[in-house]
Amino acid sequence: MQQIALPLKKALTNFLKFLLFLSVGLVILYWVYQKQNAAYQAECELKGIAAADCSLLQKVLTDFASADYFWLFMVLVCFAISNVSRGIRWNMLLQQLGFQPRLLNAFLTIILGYFANLGLPRVGEVVRAGTMSRYEQIPVEKVMGTVVVDRIIDVISILIVTALALALEFDTLWAFLQENSTLGEKLSANTPLLIGLGLAGVLGLLLLYLFRERMMRTALYQKISGILMGFVEGLQTIRKLDRPFLFVLHSINIWLMYFLMTYVCFFAFEPTAELSATIALVVFVFGGWGIVIPSPGGMGTYHFLATTALGFYGIAGDDGFSWSNISFFTIQIGCNISIGLLALILLPIINRGSDDGTAEKIVPEE
């Protein structure tokens, strides 16, 4: 009876997590919609348009229907190319461990991971590792280690891209903050709180230093230390690759294609069609951080940050909201859901008979 109860408990826990993350995403999306709808209604009132004929939801649907679908298709092409490079890069790490996985399996399991993330954020990495382990007969802990390395490189990459966007558009971003933010007033009003937080931080660091030896003996410290050491070791494996230049080249291509997914989507929507590649970089960075925040596929958070970034360059909030929906649902429906379902169907078919333990293994050169 207990053996039955445990899977049910786990399934219920996962379902409740799914509802939580979905609710967060929907709440943020609804908040963004309400904010933009209020501004849209005010604009309609100024133009003398009746409220009944002024629906932001209808505008979004109309804008999506009138989008240039050639450019939306190109978004899907960029998505596919980026994940072919991701698959090749992942296989290079697995080959370093002595295995020769198939590129098609790598590509499809990556897409399946994206599909799983729509249900529970970050569960896709586990699904991806487990599926690759099953079909390529590679120990799951080894596969998971390469996934961790893959994600570490992604974190480094998004930080580099963010720094590039800030460097190129610093004046624009700073001017927008000065014109639209009351940050200085808020900081002045909360000076005592900030001083208190600063002193608390210094005291915390001092306590950590004084009790460092005792902390180093705790299980929590050992666990965190082990994780960090694993990250360092994972990054060091890149130096041992046969073709590290090719690894770096595919890493660049992954993020170039991600950027192009935003840029070519600009051409699909008339109000953004004339925006520059530099602006696309800023919107890509803001939207990218929106996807990093735990909500299904970045729902709500992507819309808010992408719309905000477009506002830096004079794109009206309602048009920015329309574009963010066009971009978001093209990627989620056209890429993650459609190709994810295809991966779910194809993986068992193309790997029929692969569960017999006959995976190809190679011996790495000394």
Side-chain angles (χ1 to χ4, degrees), residues 29 57-89 103-118 124 154 157 161 249-288 290-291 296-299 302-303 305-307 309-310 313 315 318-347 350:
L29 181 59
L57 178 60
Q58 185 58 51
K59 179 188 185 313
V60 171
L61 294 174
T62 301
D63 288 341
F64 209 125
S66 61
D68 189 330
Y69 283 84
F70 168 77
W71 292 112
L72 296 186
F73 174 74
M74 293 306 297
V75 171
L76 306 187
V77 171
C78 292
F79 174 85
I81 293 173
S82 73
N83 285 295
V84 168
S85 275
R86 185 176 291 277
I88 294 171
R89 189 179 76 174
L103 177 58
L104 185 57
N105 273 345
F107 176 79
L108 291 176
T109 52
I110 287 168
I111 304 299
L112 191 62
Y114 294 149
F115 181 60
N117 277 335
L118 295 177
D154 281 344
S157 298
V161 173
L249 189 64
H250 281 294
S251 298
I252 293 172
N253 188 56
I254 290 168
W255 286 84
L256 175 62
M257 290 299 112
Y258 284 169
F259 158 72
L260 287 177
M261 287 169 69
T262 296
Y263 189 37
V264 300
C265 196
F266 274 4
F267 302 140
F269 185 48
E270 186 176 350
T272 59
E274 301 299 324
L275 297 180
S276 68
T278 307
I279 295 174
L281 179 64
V282 173
V283 175
F284 162 63
V285 166
F286 272 69
I291 293 173
M299 181 184 294
Y302 176 85
H303 294 78
L305 290 174
T307 302
L310 286 168
Y313 302 97
I315 301 299
D318 53 341
D319 286 332
F321 187 67
S322 284
W323 182 88
S324 64
N325 276 281
I326 292 170
S327 175
F328 180 82
F329 286 106
T330 296
I331 295 168
Q332 300 304 333
I333 296 174
C335 300
N336 294 339
I337 294 178
S338 300
I339 306 178
L341 288 172
L342 188 63
L344 198 62
I345 296 168
L346 288 179
L347 276 167
I350 65 176

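Count residues from 1 along the sequence.
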Review item, side-chain donor-acceptor pairs of residues 278-285, under 3.5 Å, at least two apart:
none

| Atom CG in Leu108, atom CG in Leu344: separation rounded to 0.5 Å? | 10.5 Å
| query | Can you list the residues that meet the side chain to side chain contact (heavy atoms under 4.5 Å, CB included) rule with Thr330, with sequence neighbours excluded? | reply | Phe64, Leu72, Val75, Leu76, Ile326
| request: Please determine, by modelled atom types, if Ser85 and His250 share a side-chain donor-acceptor pair under 3.5 angstrom. | output: yes
| task | Keeping the roles fixed (side chain from Ser324, backbone from Phe321), state whether a donor-acceptor pair exists under 3.5 Å. | result | yes
| query | Rounded to the nearest 0.5 Å, how far apart are CG of Asn325 and CG of Leu61? | reply | 9.0 Å
| message | Under the salt bridge (charged side-chain N to carboxylate O under 4.0 Å, His left out) definition, can you give me all pairs with a residue in residues 60-79, not counting sequence neighbours? | response | Lys59-Asp63
| request: Check whether any side-chain N or O of Asn253 sits under 3.5 Å from a backbone N or O of Leu249 as a donor-acceptor pair, and report yes or no. | output: no
| How far does CG of Asn83 sit from CD1 of Ile88, to the nearest 0.5 angstrom? | 11.0 Å
Review item, side-chain donor-acceptor pairs of residues 256-269, under 3.5 Å, at least two apart:
| residue | atom | partner | partner atom | Å |
| --- | --- | --- | --- | --- |
| Tyr258 | OH | Arg86 | NH2 | 3.0 |
| Tyr258 | OH | Tyr114 | OH | 3.2 |

| field | Gap separating the CH2 atom of Trp255 from the CG atom of Asp154, nearest 0.5 angstrom | value | 5.5 Å
| field | side chain to side chain contact (heavy atoms under 4.5 Å, CB included) partners for Leu341, two or more places apart | value | Phe115, Ile337
| said: Could you measure the distance from the CG atom of Leu305 to the NE2 atom of His303? Nearest 0.5 Å is fine. | reply: 11.5 Å
| Is it true that the side chains of Ser276 and Tyr313 contain a donor and an acceptor less than 3.5 Å apart? | no
| said: I'd like to check the side chain to side chain donor-acceptor pair (under 3.5 Å) partners of Thr62; sequence neighbours left out, ordered by chain and number. | reply: Gln58
